[in-house]
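Note that the structure is predicted; figures quoted are calculated from it, not measured.
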Amino acid sequence: MQHLRDYQSEKETYYWSTAVVFIGRDLNKALIRYLENRFVEIARASKRYLVLTKNTYRNTVMKESQVAVMEEFVDNVKILINALGYKVLEPFAQMGSSTTSVDDELLYITSGSVNATGKVTAEGFVVFAGSTVNEKMSLKSLSPGMLKQRQKLFDSSKVENLITTEDILFSSSSAAADFILGYSVSGPRTWKTRDGKSLKKIESNQT
């Protein structure tokens with residue numbers, strides 16, 4: 001209601017269009033402040049969306065038993081909100097993996113000054129933070145859409161000094177490879193494991 005009033009009185013310029021609400025038993029003001037701060041922290045760490053909330057109560061004093069209960073509440077919300085299709089609390093992908101399925105295999109592009117790490121996900125292909133990008137690009141080779149996307153990413157804070165500062169999601173492995181290399185290539189053939197196995201071969205073997 002406060003957001004609605006601030007929007008109507010022009011104190012708040014931005015206005016959200018969707019709200020997802022979770023309720024819990026015996027939630028007092030201190031517990032709610034703790035939860036708000038945790039959810040803001042998780043959302044910012046996920047880096048999927050711009051979080052407009054500026055101030056939260058970071059030093060809420062609570063008993064260890066209360067913290068444990070609230071962390072369980074947080075875990076439940078993360079599961080449910082993801083199941084509802086809102087991935088605000090979930091990062092694009094995790095670097096660590098102990099399995100060998102195509103969705104968990106870390107893949108690499110190493111060529112000249114380029115040194116990138118990526119991974120196939122259910123949403124597309126993620127290039128991880130810390131990947132080195134080729135400064136040059138082929139205007140003739142890249143599609144107009146990739147030229148525009150590449151320039152937009154270079155102009156943003158997601159790429160600094162030719163290094164990605166956060167995980168970036170692409171629609172496909174080829175789009176990710178085009179961005180990294182600066183010219184058009186086949187992503188399935190270009191992204192490879194440490195032992196040289198291509199993404200195409202991994203997908204073929206699993207099929």
Side-chain angles (χ1 to χ4, degrees), residues 1-99 101 103-107 116-131 152-153 155-161 163-171 176:
M1 293 304 296
Q2 178 187 338
H3 284 293
L4 286 170
R5 287 193 296 267
D6 288 346
Y7 173 69
Q8 291 167 352
S9 62
E10 298 183 349
K11 292 180 181 178
E12 189 172 296
T13 55
Y14 177 85
Y15 182 64
W16 40 265
S17 58
T18 301
V20 181
V21 180
F22 292 91
I23 60 174
R25 296 178 181 177
D26 303 321
L27 290 179
N28 57 37
K29 186 175 289 188
L31 299 179
I32 290 172
R33 286 175 174 176
Y34 177 85
L35 289 172
E36 180 187 27
N37 182 63
R38 288 288 289 122
F39 286 131
V40 168
E41 287 179 341
I42 296 168
R44 283 180 176 152
S46 297
K47 295 183 178 179
R48 283 180 177 266
Y49 300 96
L50 173 63
V51 180
L52 297 179
T53 301
K54 295 180 180 179
N55 300 314
T56 58
Y57 293 88
R58 300 181 181 179
N59 300 312
T60 304
V61 178
M62 299 199 311
K63 298 178 181 178
E64 287 186 13
S65 58
Q66 291 177 312
V67 172
V69 172
M70 289 303 97
E71 285 301 316
E72 184 178 355
F73 187 93
V74 168
D75 289 340
N76 289 335
V77 168
K78 288 169 71 175
I79 293 170
L80 290 168
I81 201 169
N82 184 46
L84 290 170
Y86 300 102
K87 298 181 180 295
V88 64
L89 303 178
E90 180 183 300
F92 290 124
Q94 300 290 339
M95 281 284 285
S97 174
S98 58
T99 59
S101 71
D103 291 338
D104 292 307
E105 194 87 46
L106 289 182
L107 300 161
T117 305
K119 183 177 179 181
V120 176
T121 75
E123 298 174 81
F125 193 95
V126 173
V127 173
F128 289 112
S131 295
K152 183 178 179 180
L153 288 170
D155 292 339
S156 72
S157 60
K158 294 183 180 181
V159 179
E160 293 182 1
N161 298 320
I163 299 175
T164 58
T165 59
E166 59 184 75
D167 300 345
I168 304 174
L169 177 66
F170 292 90
S171 59

Next item on the list: Dump the intermediate steps for side-chain contact (heavy atoms from CB on, under 4.5 Å) on L52 and L50, then the final yes or no.
Entry: CA-CA 6 Å; L52 297 179; L50 173 63; 3.8 Å; yes
Item checked: Partner set under side chain to side chain donor-acceptor pair (under 3.5 Å) for R38, not counting sequence neighbours -> E41, E71
Check: When rounded to the nearest 0.5 angstrom, what distance separates OG1 in T60 from CD1 in I32?
Finding: 11.0 Å
Notebook entry, point to check: Residues two or more places apart in sequence or in another chain: which of them pass side chain to side chain donor-acceptor pair (under 3.5 Å) with N55?
Noted result: none
Notebook entry, point to check: Which residue, L169, T117, I168, forms the side-chain contact (heavy atoms from CB on, under 4.5 Å) with V126?
Noted result: L169
Checklist line | Sequence-distant partners of D6, side chain to side chain donor-acceptor pair (under 3.5 Å), two or more places apart | finding: none
Next item on the list: Work out which heavy atom in A30 is nearest to a heavy atom in M62; give both atom names and the distance.
Entry: O-SD, 4.2 Å
Check: Which atoms form the tightest heavy-atom contact between A176 and F125, and what is the distance?
Finding: CB-CD2, 3.5 Å
Check: In Å and rounded to the nearest 0.5 Å, what is the CG to CD1 distance from L89 to I79?
Finding: 11.5 Å
Next item on the list: To the nearest 0.5 angstrom, please state how far the CE atom of M70 sits from the CZ atom of R33.
Entry: 15.0 Å
Next item on the list: Go through the structure and list residues passing side-chain contact (heavy atoms from CB on, under 4.5 Å) with R25, not counting sequence neighbours.
Entry: none
Margin query: Less than 4.5 Å apart, side chain to side chain, heavy atoms only: is that true for T18 and Y86?
Written below: yes
Next item on the list: Report the residues that fulfil side-chain contact (heavy atoms from CB on, under 4.5 Å) with F22, sequence neighbours left out, ordered by chain and then residue number.
Entry: V20, F73, V77, L80, I81
Check: Which pairs with one or both residues in residues 42-61 pass salt bridge (Lys or Arg N to Asp or Glu O under 4.0 Å), sequence neighbours excluded?
Finding: R48-E123
Notebook entry, point to check: When rounded to the nearest 0.5 angstrom, what is the spacing between CD in Q66 and CG in D26?
Noted result: 11.0 Å
